[in-house]
Undergrad: 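The structure's right below; bear with me while I get my questions together.
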2 protein chains.
Amino acid sequence: MATRDEVARLAGVSPSTVSYVISGRRTISEATKARVLAAMRELSYTPDAFAQGLAGSRRGILALHFPTSVDGYSSTEFEYVTAAMERARALGYHMLLWSNPMTDVMGLESLVGQKLVAGVLLMEVSINDPRFDVLRRAGIPFASIGRPDDSADLSYVDNDFAEAGRMAVDYLAGLGHQSIMYINVSVEDQDAGNGPAIRTARAISDAVRVQGMSMREVPVENNARGGRAALDAYLDLHPRPTAVLALKEFATAGFVNAAGMASLRIPENLSVIALGVGDRSAEMVAPALTTVAPPGEVVSHAAVDALVQKIEGSSQGAVQQLIAPLMTVRDSTGPAPR
Amino acid sequence: MATRDEVARLAGVSPSTVSYVISGRRTISEATKARVLAAMRELSYTPDAFAQGLAGSRRGILALHFPTSVDGYSSTEFEYVTAAMERARALGYHMLLWSNPMTDVMGLESLVGQKLVAGVLLMEVSINDPRFDVLRRAGIPFASIGRPDDSADLSYVDNDFAEAGRMAVDYLAGLGHQSIMYINVSVEDQDAGNGPAIRTARAISDAVRVQGMSMREVPVENNARGGRAALDAYLDLHPRPTAVLALKEFATAGFVNAAGMASLRIPENLSVIALGVGDRSAEMVAPALTTVAPPGEVVSHAAVDALVQKIEGSSQGAVQQLIAPLMTVRDSTGPAPR
DNA sequence: CTGAAAGCGCTAACAA
DNA sequence: TTGTTAGCGCTTTCAG
């Protein structure tokens, strides 16, 4: 691989001139610029990222912290990752996928201490997430997809759970449903401070109250077994709710499939709305799930934008944004049975 | 952030001594080692990754090239990514997720030219993948999950499609099935050189011949619509096969769901085996899919190991490994109807 | 408009 | 067992 000095020699200019035609931080005559560019192409020169990082301040890598999860990942979550990646690329950054456990505070400190990355984007943020303190103390730019409870000075992008809950409940109310069941994440997850679960529960119970409906909440694990457990819980309810709101896609699929086995007909006997589930997952299930979810790329894009703004100092203060959900009516919802 | 020189000063040693206690490339007396370690902790020192990369040879980052796909990603594919990430971390490397289109040869050249990454791991490899030439020419270590046709000198880890096809067909034969339909990827994907599709088709048709069975092949897009199209094709067949082998999870789910709508009973009327589909996806569908697939982490782990061996020169020659599939019998297979 | 030169924070060869 | 020093390939200030 050619170095900058070789390019300079070939072009008959000083090394710094080569740097300046690349960075554009100095006006260069068209003539020399052309010669330098030609030399660069001739030697197929690409600046060494480590040398650039050491000498300058610009570090062209973002870290995306996607903590390991026991439940595994859904394609919905993956959509966030790929969208973030694409946005980072569009803005001229590489994306380092970092998946240490959320509690690995030391690991995070060390990642940041290496100064490898220009900023950190956090995913799977909990209500009282320990990572914010670490990052704040380290003085590195960061932003998050999701937010903790104390988020006054933070840059984040999050789903508008309040709106999503209301939208789902209002839609069901419009179909004549009076009583719903909410399939929540497991109690352990709730205790761990799962923001989406907590905020969604709040939004739903508010909306239910406004509509004068009733609601039961059932916590289950996010897998097929959890879905079956939710169905068992449902069957034990008297009277049975006519609609179900569910948060996680594996549990939701499990519930719907178990309902089918039990000869419950969706949506004739029972309507189901999946919250926060992406299109592909919604269509893997029969009947295809009606969903209320934010467009995944919008969230990721906004979050990457917020992080980059912090890094490049192109904005003062924190960027805080709630992304409005979209409702996609598919085949799992219908009028309340009478 | 503290630098190495500050640590040295605090510990009362020379800067290089600090480096040597970190790298262990020199024997240091217990006394000074202890003092240096203490100073490092006191200043919470972490070596600067860019300085290390520039000065030394070791660049602690691997790139995982996961090309963007129009069909979106399944959770099965994501499992490969997360498993690779975990393995990289275990071996002391960071993982850069790189998702430029597969045809972006210049982008790949530039990534490599930056010398940011110590090696590249390729995913979604096609039969005549252009990336290998680029990497070979650049002289950078690389390995792949999947393999091209001309793979003599390459390091790769791939699924053992021949074995998978045989395993699936033999199992169906044992259940008395005589005639099967194979849901392949789209013709465009096949033309693009989709290795898994091509090798699986070959394996199945070989196994079918050996068993004296008959087979029909139907190419569809990997989404719910494709699955429905596959069902239409199935219903047009006379006589209808009693078993279906399918390659992609969204299409498979679409097929199974459409079959349910058409009152085809699985597995009573029709058995379905999903090839290469992960457990979570298999259980999102009703009935849960019998699968033949390699353990995803095994593939990724082996591939990362192969790459790191190339980087660290700890092995001569190419590492080539086919991972044996596992069959998980769930609810979508049963005896052939009579 | 362009060049010279001082680092950035390390690794590793050389010297003791 | 430890210290000294020459780079690694760039960015950017200081000088023309």
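Quick caveat, the model's predicted, so the values are computed rather than measured. So you know, we letter chains A, B, ... as the sequences are listed, proteins then strands, and number each from 1.
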Undergrad: Contact class for A:Tyr20 vs. all strands (heavy atom < 4.0 Å): base, sugar-phosphate, or nothing?
TA: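 If one applies the 4.0 Å heavy-atom cut-off, A:Tyr20 turns out to touch a base.
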
Undergrad: At under 4.0 Å between heavy atoms, what does A:Ser19 touch on the DNA or RNA strands: base, sugar-phosphate, or nothing?
TA: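 If one applies the 4.0 Å heavy-atom cut-off, A:Ser19 turns out to touch a base.
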
Undergrad: Identify whether any heavy atom of A:Thr17 sits under 4.0 Å from a base atom; if not, whether one sits that close to sugar-phosphate; answer base, sugar-phosphate or nothing.
TA: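 Sugar-phosphate, no base atom in range.
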
Undergrad: Looking only at the side chain of B:Ala55 (C-beta and beyond, no hydrogens), which of the listed nucleotides C:dG7, C:dG9, D:dT12 gets closest?
TA: C:dG9

Undergrad: Check the phosphate of D:dT2 against B:Ser29, side-chain N and O only, distance under 4.0 Å to OP1 or OP2. Yes or no?
TA: yes

Undergrad: Find the distance B:Glu6:CD to C:dC10:P and express it as a whole number of Å.
TA: 9 Å

Undergrad: Please state how far atom CD in B:Gln114 lies from atom P in D:dC8, giving the value in whole angstrom units.
TA: 20 Å

Undergrad: Kindly point out which of C:dC10, C:dC8, C:dT2 is positioned nearest to the side chain of A:Thr32?
TA: C:dT2

Undergrad: Please state how far atom NZ in B:Lys115 lies from atom P in D:dG9, giving the value in whole angstrom units.
TA: 6 Å

Undergrad: To the nearest 0.5 angstrom, please state how far the CD atom of A:Glu86 sits from the CG atom of B:Asn100.
TA: 9.5 Å

Undergrad: Between C1' on D:dT2 and CD on B:Glu30, what's the gap in Å once rounded to a whole number?
TA: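 My rounded result for the distance is 15 Å.
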
Undergrad: Let me spell it out: for each of B:Ser14 and A:Ile22, pick the nucleotide of DNA chain D with the closest heavy atom. Which residue's pick is nearer the 5' end?
TA: B:Ser14

Undergrad: So does B:Arg26 reach the base of D:dT1 with its side chain, donor to acceptor, closer than 3.5 Å?
TA: no

Undergrad: Expressed in angstrom and rounded to an integer, what is the separation of B:Arg58 atom CZ from C:dA12 atom P?
TA: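 So the two atoms are 11 Å apart, to the nearest Å.
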
Undergrad: Can you check whether A:Thr3 has a side-chain N or O nearer than 4.0 Å to OP1 or OP2 of D:dG9?
TA: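 So the side-chain polar atoms of A:Thr3 never come under 4.0 Å of the phosphate oxygens OP1 or OP2 of D:dG9.
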
Undergrad: Salt bridge or not between A:Glu109 and A:Arg137? Use side-chain N to carboxylate O under 4.0 Å.
TA: yes

Undergrad: Could you state the atom-to-atom distance from CG of A:Leu116 to P of C:dC10 in whole Å?
TA: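 The answer, rounded to whole Å, is 13 Å.
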
Undergrad: Take atom CD of B:Gln52 and atom C1' of D:dG7, then tell me their distance rounded to the nearest Å.
TA: 16 Å

Undergrad: Nearest to the side chain of A:Ala51 - C:dC10, D:dC10, C:dA5?
TA: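 That would be D:dC10.
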
Undergrad: Where do A:Ser74 and A:Glu77 land on the side-chain hydrogen bond (donor to acceptor under 3.5 Å, both in side chains) test, with the steps shown first?
TA: CA-CA 5 Å; A:Ser74 62; A:Glu77 285 162 318; 3.2 Å; yes

Undergrad: Would you call A:Asp48 and B:Arg59 a salt bridge, using N to O less than 4.0 angstrom?
TA: yes

Undergrad: Figure out the CG/P separation between A:Asp48 and D:dG7, and round it to whole Å.
TA: 18 Å

Undergrad: Using the side-chain heavy atoms of A:Ser16, tell me which of these nucleotides is nearest: D:dT4, D:dT12, C:dC10.
TA: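 Selected nucleotide (nearest to the side chain): D:dT12.
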
Undergrad: Looking at D:dT2, C:dG9, C:dT2, which one has an atom nearest to any side-chain atom of A:Ile28?
TA: C:dT2

Undergrad: Less than 6.0 angstrom separating the ring centers of A:Phe132 and A:Tyr156, yes or no?
TA: no

Undergrad: Do B:Lys115 and A:Phe50 form a cation-pi contact, if we require the NZ or CZ to be under 6.0 Å from the six-membered ring centre and within 45 degrees of the ring's axis?
TA: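 No, B:Lys115 and A:Phe50 do not form such a contact.
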
Undergrad: Please tell me which of the listed nucleotides, C:dG9, D:dG3, D:dC10, lies nearest to the side chain of A:Leu54?
TA: C:dG9

